[in-house]
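In the text below, chain A, chain B and the rest are named by the order of the sequence lines, each starting its count at 1.
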Amino acid sequence: MDTNTLITQFQNGSVQAFEKLYEMYGQNILGVINVILKDEVRSQEICQDVFVKVWKNASQYNASKGRFFTWLLNIARNAAIDELRSKSHKQQQKNLSTDYFVDILETEEADTPSLDSIGLSKVLNGLKDKCREIISLLYFKGYTQKEVSETLDIPLGTVKTRNRNCIAQIRKNCDL
Amino acid sequence: MDIEKYIASGILELYVAGSLSESENLEVLHNAQQYPRIQEEIEKIEQALLQLTEASSGSLKKPAFETIIPNVQESEKVIPLKPEHKTPWGTYVGWAAALFFGVGLFWFYNQNQDLENTIQVTKQNIKILNDTVSALETAVTDTQKVLQMLRDQNTKVVDLGGQTVAPEAYAKVYWNQDTQKVIVDTQGLPEPPDGYDYQIWSLTLEPLTPTSLGVLSDVGQDGEQLFELPNTNASEAFGITLEPDGGSETPTLEQLYTLGTTAP
């Protein structure tokens, strides 16, 4: 069954379709939240909240707004960023690392990576810091092209091309 | 349109990131629908992001779908996805059942009232019957007593004949000298006028000495006909006179109704 059919069924209230979509994207959304929060327990809780929200707001998704995954990504990073700004989280996480993916990399290397997914170190192999930085801002923090341009003090066009090159490196690592 | 140049611009990567404006989003969507090459490229970029994000979850496992389901089903009730305008059969059936139940209840109430009335009437009938039975029992007992006395060989029957004031009148006295009792049968006496009662006297003849045995109150067809009285006298005759209510000290001989001697 193709993804678009699943999405239509999900929007018509099918719990089974929703479960399939959760199987497809749940682990990705958890990963996004984990990169932002760097807190495994809270990440799982927020992930649950995100999918409840996804179900409740199913009717709001529409292909003209972009990819379904992009819609999920947007809801997840907003929820995670809200959590990051909440008082309780600030108290727990006083020394937030600014090294993109480094914490996650260290955690992942400590554990045995699961068989069915490629390890983060392999995905990020050969990726320069400025790539990690721009990917983090665009995909994990939801910055617009203009916001990235201002934050990194680089021209708008450079944001697009640099990002494309960085994603190209990941695609190469994953044989895509 | 130069598709390769369009792809190389990096706009598709921003599309997947969700960093484009609404109009740019629509433009990419249209181009992707028009050019499979663009659609394919978008899917590959998305695949790369899926790899990156999944790898970012490290050793964490996503929560079981079942942990989301309870919340999901709760929200289903709150936000109906398709507002339905079905005929509310449930409501109709509910009201019909309530009405039926109400009518039934009223019917049962009436039935119950009827039954309770019947029970009251029946109870009264039973009471009347009980009274009748006990009255009859008393009457039977009395009659048996009388009968027993009449059949006793020691009982003497004295016939009292009508006198001047009432030649048609008669009475009988059954006298048992062992038990010293008399039973007076007043069946042959006319009903006394208002304010008068019969009184029975025991008489000894030489000299004529009357002794009152008692007042026979309420003599008549509807009243008493048999009177049981003690008699300790050596009676030689019995007489019945009409006396004012409550009786007299001495008999009013002008009103002597019946008289009879004990000697055969």
Side-chain angles (χ1 to χ4, degrees), chain A residues 11-13 15 18-19 22-23 26-32 34-35 40 43-44 47-48 51-52 55-56 58-59 63-67 69-71 73-74 101 104 107-108 111-114 117-120 122-124 135 138-139 142-145 148 160-161 163-164 167 170-171 174 176, chain B residues 7-30 32-33 39-82:
Chain A
Q11 289 192 300
N12 286 335
V15 175
F18 181 44
E19 184 169 10
Y22 181 70
E23 290 306 319
Q27 201 63 34
N28 306 94
I29 292 309
L30 179 62
V32 171
N34 189 39
V35 167
E40 298 195 344
S43 292
Q44 286 181 317
C47 184
Q48 280 180 359
F51 276 94
V52 171
W55 176 259
K56 283 184 179 172
S59 60
S64 69
K65 288 179 182 172
R67 303 282 295 168
F69 170 68
T70 307
W71 183 66
L73 181 67
N74 197 34
F101 303 108
I104 311 294
T107 319
E108 197 241 355
D111 294 300
T112 314
S114 56
S117 65
I118 307 169
L120 187 60
K122 194 192 167 193
V123 174
L124 295 177
I135 286 170
L138 281 170
Y139 297 95
Y143 279 38
T144 62
Q145 189 184 354
V148 173
K160 276 203 276 189
T161 49
N163 180 54
R164 173 156 173 84
I167 295 294
I170 291 175
R171 285 172 66 177
C174 300
L176 288 165
Chain B
I7 290 170
S9 75
I11 192 171
L12 301 182
E13 282 81 359
L14 292 187
Y15 175 70
V16 173
S19 308
L20 299 179
S21 69
E22 271 184 46
S23 58
E24 287 171 315
N25 263 335
L26 272 178
E27 184 197 301
V28 173
L29 181 67
H30 288 147
Q33 284 166 346
Q39 179 66 31
E40 186 194 359
E41 182 71 7
I42 289 170
E43 283 170 10
K44 284 195 172 162
I45 294 163
E46 189 178 278
Q47 276 302 312
L49 258 301
L50 288 172
Q51 293 285 1
L52 172 64
T53 50
E54 184 169 353
S56 301
S57 65
S59 59
L60 271 179
K61 281 273 159 270
K62 69 176 183 294
F65 184 66
E66 288 70 30
T67 63
I68 295 163
I69 279 295
N71 301 319
V72 161
Q73 279 165 349
E74 209 168 280
S75 70
E76 261 181 323
K77 291 175 206 150
V78 179
I79 303 166
L81 294 166
K82 283 191 221 160

### Task
Indicate yes or no for a side-chain donor-acceptor contact from Glu13(B) to the backbone of Lys160(A) under 3.5 Å, with no hydrogens or angles considered.
no
#### Entry: Under 4.5 Å from a heavy atom of chain A, the part of Glu66(B) involved
side chain
### Query
Do you know which two heavy atoms are closest between Ala48(B) and Arg171(A), and how far apart they sit?
CB-CG, 3.5 Å
### Query
Any side-chain heavy-atom pair from Leu26(B) and Ser64(A) closer than 4.5 angstrom?
yes
## Note on the structure
The reported gap from CG in Leu124(A) to OG in Ser56(B) (rounded to nearest 0.5 angstrom) is 7.0 Å
### Message
Is Leu73(A) in contact with chain B via its backbone, its side chain, both, or neither, using a 4.5 Å heavy-atom distance?
### Response
side chain
### Task
Grab the two heavy atoms, one from Lys65(A) and one from Asn25(B), that are nearest each other, plus how far apart they are.
O-ND2, 3.1 Å
### Message
Please evaluate residues Phe51(A) and Phe65(B) with respect to the criterion ring-ring contact (aromatic ring centres under 6.0 Å, His included), reporting the C-alpha separation (whole Å), side-chain torsions for both, the decisive distance (0.1 Å), and the verdict.
### Response
CA-CA 9 Å; Phe51(A) 276 94; Phe65(B) 184 66; 8.6 Å; no
### Summary
OG1 (Thr67(B)) and CD (Gln48(A)) are apart, to the nearest 0.5 Å, by 3.5 Å
### Message
Has Asn28(A) got a side-chain atom pairing as donor or acceptor with Thr53(B)'s backbone, closer than 3.5 angstrom?
### Response
no
### Query
Below 4.5 Å, heavy atoms only, C-beta onward: do Lys62(B) and Glu23(A) meet side chain to side chain?
yes
### Task
Find the one option among Glu46(B), Gln47(B), Glu22(B) whose heavy-atom pairs under 4.5 Å with chain A are most numerous.
Glu46(B)
### Message
Need one label for Ile42(B): side chain, backbone, both or neither, based on atoms under 4.5 Å from any heavy atom in chain A.
### Response
side chain
#### Entry: Any side-chain heavy-atom pair of Leu52(B) and Tyr139(A) under 4.5 Å
no
### Task
Give a yes or no on whether the backbone of Tyr143(A) and the side-chain of Ser19(B) come within a donor-acceptor separation of less than 3.5 Å.
yes
### Query
Given a strict heavy-atom distance threshold of 4.5 Å, which part of Leu50(B) is in contact with chain A: side chain, backbone, both, or neither?
both
### Query
Where is the tightest heavy-atom contact between Cys47(A) and Pro63(B), given as atom of each residue plus distance?
SG-CD, 4.0 Å
### Query
Under a 4.5 Å cut-off applied to non-hydrogen side-chain atoms, are Leu49(B) and Ile170(A) in contact?
no
### Query
Which value, rounded to the nearest 0.5 Å, describes the distance between Ile11(B) atom CD1 and Arg164(A) atom CZ?
12.0 Å
### Query
Any side-chain heavy-atom pair from Tyr22(A) and Ile68(B) closer than 4.5 angstrom?
yes
### Message
Let me confirm one number: the OG1-CG distance from Thr70(A) to Leu14(B), rounded to the nearest 0.5 Å.
### Response
11.0 Å
### Message
Using only atom types and a distance under 3.5 Å, with no angle test, would you say the side chain of Gln27(A) pairs donor to acceptor with the backbone of Leu60(B)?
### Response
yes
